[in-house]
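Accompanying notes for the structure given below.
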Amino acid sequence: MSVHKKVEAKRITTHTIQAMKNVGEKITMLTAYDFSMARILDAAGIDMILVGDSASNVMAGHETTLPITLDQMIYHACSVVRGIKRCLVVVDLPFGSYQGNSKKALASAIRIMKESGAHAIKLEGGDEVLDSVERILSAGVPVMGHLGLTPQSIYKFGTYTVRAKEEAEAAKLIADAKKLQKAGCFALVLEKIPAELAKKVAESLDIPVIGIGAGNDVDGQVLVVHDMLGITHEFNPRFLRRYLNLYDEIKGAVNQYVDDVKSRDFPNEKEQY
Ligand code: KIV
């Protein structure tokens with residue numbers, strides 16, 4: 001029987017996350033965008049909450065992550081931070097708030113940290129955003145990198161298919177991962193890349209590598225909470241494990257409520273004053 005080591009911590013910090021990698025404890029991360037969900041995830045023992053720019057899709061109904069604004073990300077981050085006691089909260093820098101201008105990137109990161117009370121930021125890309133990563137880190141703000149499928153660049157890629165299958169793209173990804181670690185990122189997300197490549201990156205980096213569609217040989221996993229709870233039901237990538245089917249459960253409950261009110265069954269005598 002294999003014995004899994006566990007890092008004990010009253011509050012999870014970037015150091016706790018690193019300690020988990022060091023002892024081989026898998027790291028858990030889910031997205032959340034509001035107070036009530038954050039409270040449940042935190043109570044359930046999640047290590048990190050990502051206030052992802054996937055809020056643009058699952059909260060606002062946009063087709064891509066591009067439209068969400070910095071103000072909207074801060075609103076979601078404030079709500080999440082109010083709901084947690086223990087986990088580490090990481091907030092995505094949205095599209096347009098950091099690319100190509102490291103001073104703007106720092107200003108965006110500082111707004112998130114000051115106004116929401118979150119603990120770290122995440123941004124997408126490697127070499128192209130290294131200036132921004134370095135400037136943000138120089139202000140003492142922890143940065144999580146994100147390579148592989150980077151949804152903010154969807155119009156450059158053209159599709160949401162698996163990234164870095166070709167040798168040249170895989171080599172760039174490995175080089176970018178090393179640059180992000182060298183710059184001082186505390187962790188790295190790898191999205192939708194071959195499991196073999198993700199394994200190689202996780203083994204060659206000292207910092208934790210968190211995968212989504214990147215196989216099991218990385219240091220932790222992240223999923224969009226609406227996907228794993230089955231609130232979204234039309235999105236069915238191979239990497240997704242659904243733990244509930246809340247779309248049908250909620251629909252069923254609301255159908256029942258509609259019937260109960262229409263038929264005058266609700267409220268009954270015990271449900272009134
Ligand atoms: O925005 C998001 O939810 C993300 C995860 C998919 C990693 O970046």
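Whatever order the structure lists ligands and atoms in, that order sets their numbers, starting from 1.
Rounding to the nearest 0.5 Å gives a distance of 4.5 Å between CE of Met29 and CG of Leu50. Distance check, rounded to the nearest 0.5 Å: OG of Ser108 to CD1 of Ile74 gives 8.0 Å.
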| said: Assess the residue pair Glu196 and Lys200 against the criterion (salt bridge (Lys or Arg N to Asp or Glu O under 4.0 Å)); give the C-alpha distance rounded to whole Å, side-chain angles, the decisive distance to 0.1 Å, and a yes or no. | reply: CA-CA 6 Å; Glu196 265 311 304; Lys200 197 167 162 190; over 6 Å; no
| task | Carefully, step by step, assess Lys85 and Asp42 under the rule salt bridge (Lys or Arg N to Asp or Glu O under 4.0 Å). | result | CA-CA 7 Å; Lys85 291 197 173 84; Asp42 190 61; over 6 Å; no
| request: Output, in order, the C-alpha distance, side-chain angles, deciding distance and verdict of side-chain contact (heavy atoms from CB on, under 4.5 Å) for Asn216 and Lys26. | output: CA-CA 10 Å; Asn216 203 352; Lys26 292 279 188 181; 3.5 Å; yes
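Applying the 4.0 Å criterion to heavy atoms of Ile212 picks out, from ligand 1, the atoms 6 (C). Close contacts between ligand 1 and His146 involve ligand atoms 8 (O) [criterion: under 4.0 Å to a heavy atom]. Residue-ligand proximity, Thr31 to ligand 1, at heavy-atom distances under 4.0 Å covers atoms 3 (O). Within the listing of ligand 1, atoms 3 (O) sit less than 4.0 angstrom from a heavy atom of Val224. Within ligand 1, the atoms closer than 4.0 Å to a non-hydrogen atom of Asp92 are 1 (O), 2 (C), 8 (O), numbered from 1 in the order shown. Close approach of ligand 1 to Leu50 (heavy-atom distance below 4.0 Å) involves ligand atoms 2 (C), 4 (C), 5 (C), 7 (C), 8 (O).
For atom 2 (C) of ligand 1, the closest heavy atom belonging to the protein is Ser54 OG, 3.2 Å. Of the protein's non-hydrogen atoms, Lys122 NZ, 2.9 Å is the one closest to atom 8 (O) of ligand 1.
Here Tyr33 pairs with His226 under the ring-ring contact (aromatic ring centres under 6.0 Å, His included) rule; sequence neighbours left out.
Every N/O-N/O distance between Glu191 and ligand 1 stays at or above 3.5 Å.
Side-chain atoms of Thr232 never come within 3.5 Å of backbone atoms of Phe235 as a donor-acceptor pair (strictly under, hydrogens ignored). With hydrogens and angles ignored, the 3.5 Å screen pairs a side-chain donor or acceptor of Thr31 with a backbone N or O of Val225.
Both the backbone and the side chain of Asp53 come within 4.0 Å of ligand 1, counting heavy atoms alone.
At a 4.0 Å cut-off, not a single heavy atom of Met29 sits close enough to ligand 1 to count as contact.
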